[in-house]
Amino acid sequence: MTEKNLEEVLYLLQLHYEAYANVKAFADKFKHPHPTDTRGWSQIIVSALTGIGGYERKKGPDLEDGSDVKAANCWDAIDTPRFNGCIKAGTQADVANSLASLDKMPYLFFVMWDVTEKTKKERCRIWVVRTQYDQRFRDMADLWYRQRAAGTIRSDNFQLHPPRNLDHNVFRNNCGVLEYPLLFEAHASNGKYSVKLADPTMLTRGCCKVIAN
DNA sequence: CAGGTTTCTTGGCACCCTAG
DNA sequence: CTAGGGTGCCAAGAAACCTG
């Protein structure tokens, strides 16, 4: 996460914002959803930030080192945005349905677009979980996998509820309420982004903290 | 408000067909 | 036989829909 990385990320965030802002008037006028590709933009921005390239073939992980990127966009969302399918379950992968899926993955990145709590500035935040080492996260995932194995949970969709339009870092679900390591944050003021936080130590030492169970 | 479920889109890939 | 085009199915992921 060098200055060069941050410069590139800012440029991409700016592109993303302008693409959104420019097309939104037309999306509204013709009553279509805005065509921003949250997944695609998020993956590129995470690569720009961390230097970890994409996984060239589309199936499998998102990044070349086996990491995954989850994305959610609150701008003009109809429903409550959240992170869907954060950990593998019910898929064909041989490690699906257990913590083994986390052992194969160095990082799990969460990218969310929302607005700041008080001033309502457009914002992009990126959290990172070190899936192989983060014991609090693994405990929570393990609880979910065990409830699913036991039939208490029937869904394959592991969901996390992020802090939408709120200035904190707590993601919730019934298996654990944790504070997540914030890697990056940028705000737009009058349509111009600036970096509010970029903390590369989260890639080596970040850990979730238990807020409640 | 959490979360289960459905919808919609995209890309990979196997398979089939045909022209050369 | 081989290269290339066409097609249809499957997996994945985010957003929307819905329920208690």
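If you're wondering where the values come from, they're calculated on a predicted model, not measured in any experiment. In what follows, chains carry the letters A, B, and so on, assigned in the order in which the sequence lines appear, proteins first and then strands, with residues in each chain numbered from 1.
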Engineer: Is a side-chain N or O of A/D62 found less than 3.5 angstrom from the main chain of A/D68, in a donor-acceptor match?
Structural biologist: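 Flag not set: sc A/D62 to bb A/D68 has no pair under 3.5 Å.
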Engineer: Mind checking whether A/V69 and A/R39 have side chains closer than 4.5 Å, heavy atoms only?
Structural biologist: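 No, too far: nothing below the 4.5 Å cut-off.
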Engineer: Within the structure, does a side-chain N or O atom of A/T38 lie under 4.0 Å from either OP1 or OP2 of C/dG13?
Structural biologist: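 Indeed not, no polar side-chain atom of A/T38 lies that close.
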Engineer: Report the secondary structure of DNA chain B in dot-bracket form, marking unpaired bases with a dot and bases paired to a different strand with |, and treating Watson-Crick or G-U pairs with both distances under 3.5 Å as paired.
Structural biologist: ||||||||||||||||||||
Engineer: Which pairs with one or both residues in residues 120-141 of chain A pass ring-ring contact (aromatic ring centres under 6.0 Å, His included), sequence neighbours excluded?
Structural biologist: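 Of all non-adjacent pairs touching residues 120-141 of chain A, those that pass ring-ring contact (aromatic ring centres under 6.0 Å, His included) are A/W127-A/F171.
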Engineer: Give the rounded distance in Å between these two atoms: CZ of A/F109 and P of C/dG13.
Structural biologist: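 In whole Å, C/dG13 P and A/F109 CZ are 16 Å from each other.
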Engineer: State yes or no: are the ring centers of A/H16 and A/W113 separated by less than 6.0 Å?
Structural biologist: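 Ring centroids of A/H16 and A/W113 are less than 6.0 Å from each other.
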Engineer: Using atom NZ of A/K88 as one end and atom C1' of C/dG13 as the other, report the distance to the nearest whole Å.
Structural biologist: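 Distance, rounded to whole Å: 10 Å.
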Engineer: Without decimals, in angstroms, what is the distance between A/F171 CZ and B/dG3 C1'?
Structural biologist: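 A/F171 atom CZ is separated from B/dG3 atom C1' by 17 Å.
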Engineer: Should A/Q147 and A/C175 count as side-chain neighbours, where that means a heavy-atom distance under 4.5 Å?
Structural biologist: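 Side-chain contact under 4.5 Å: yes.
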Engineer: In whole Å, I'd like the distance from the CZ atom of A/F158 to the P atom of C/dG13.
Structural biologist: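 Interatomic distance, CZ of A/F158 to P of C/dG13: 14 Å.
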Engineer: In chain order, what residues pass the salt bridge (Lys or Arg N to Asp or Glu O under 4.0 Å) check against A/K24, with sequence neighbours excluded?
Structural biologist: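 Only A/D28, A/D76 meet the salt bridge (Lys or Arg N to Asp or Glu O under 4.0 Å) criterion with A/K24.
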Engineer: Do you reckon A/L49 sits in the same ILVMFWY cluster as A/L182, going by side-chain contacts under 4.5 Å, direct or chained?
Structural biologist: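 Looking at the clustering, A/L182 is in a separate group from A/L49.
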Engineer: How long is the line joining CZ of A/R39 and P of C/dA11, in whole Å?
Structural biologist: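 The distance from CZ of A/R39 to P of C/dA11 comes to 16 Å, rounded to the nearest Å.
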Engineer: NA contact type, A/V69, heavy-atom cut-off 4.0 Å: base, sugar-phosphate, or nothing?
Structural biologist: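 Since only primed, P, OP1 and OP2 atoms lie under 4.0 Å of A/V69, the category is sugar-phosphate.
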Engineer: Excluding sequence neighbours, so at least two apart, what forms ring-ring contact (aromatic ring centres under 6.0 Å, His included) with A/Y145?
Structural biologist: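 Checked A/Y145 against ring-ring contact (aromatic ring centres under 6.0 Å, His included); zero matches.
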Engineer: Do any of residues 70-82 of chain A sit with a heavy atom less than 4.0 Å from DNA chain B, and if so which?
Structural biologist: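 Listed by number, they are A/R82.
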Engineer: Taking only the side-chain heavy atoms of A/N84 (C-beta and beyond), determine which of B/dG3, C/dG13, C/dA15 contains the nearest atom.
Structural biologist: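 Looking only at side-chain atoms, A/N84 lies closest to C/dA15.
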Engineer: Tell me: CZ of A/R154 to C1' of B/dA2, nearest whole Å?
Structural biologist: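 Distance check: A/R154 CZ to B/dA2 C1' gives 14 Å.
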Engineer: Please give, in whole Å, the distance from B/dA2 P to A/W144 CH2?
Structural biologist: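 Rounding to the nearest Å, CH2 of A/W144 and P of B/dA2 are 17 Å apart.
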Engineer: Please give, in whole Å, the distance from C/dA15 P to A/M112 CE?
Structural biologist: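 It is 11 Å, rounded to the nearest whole Å.
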Engineer: For A/Y193, which residues count as a ring-ring contact (aromatic ring centres under 6.0 Å, His included) partner, sequence neighbours excluded?
Structural biologist: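 For A/Y193 there are no ring-ring contact (aromatic ring centres under 6.0 Å, His included) partners, ignoring immediate neighbours.
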Engineer: Is the shortest side-chain N/O distance from A/N157 to OP1 or OP2 of B/dG3 below 4.0 Å?
Structural biologist: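 Answer no for this pair, as no side-chain N or O of A/N157 is under 4.0 Å from OP1 or OP2.
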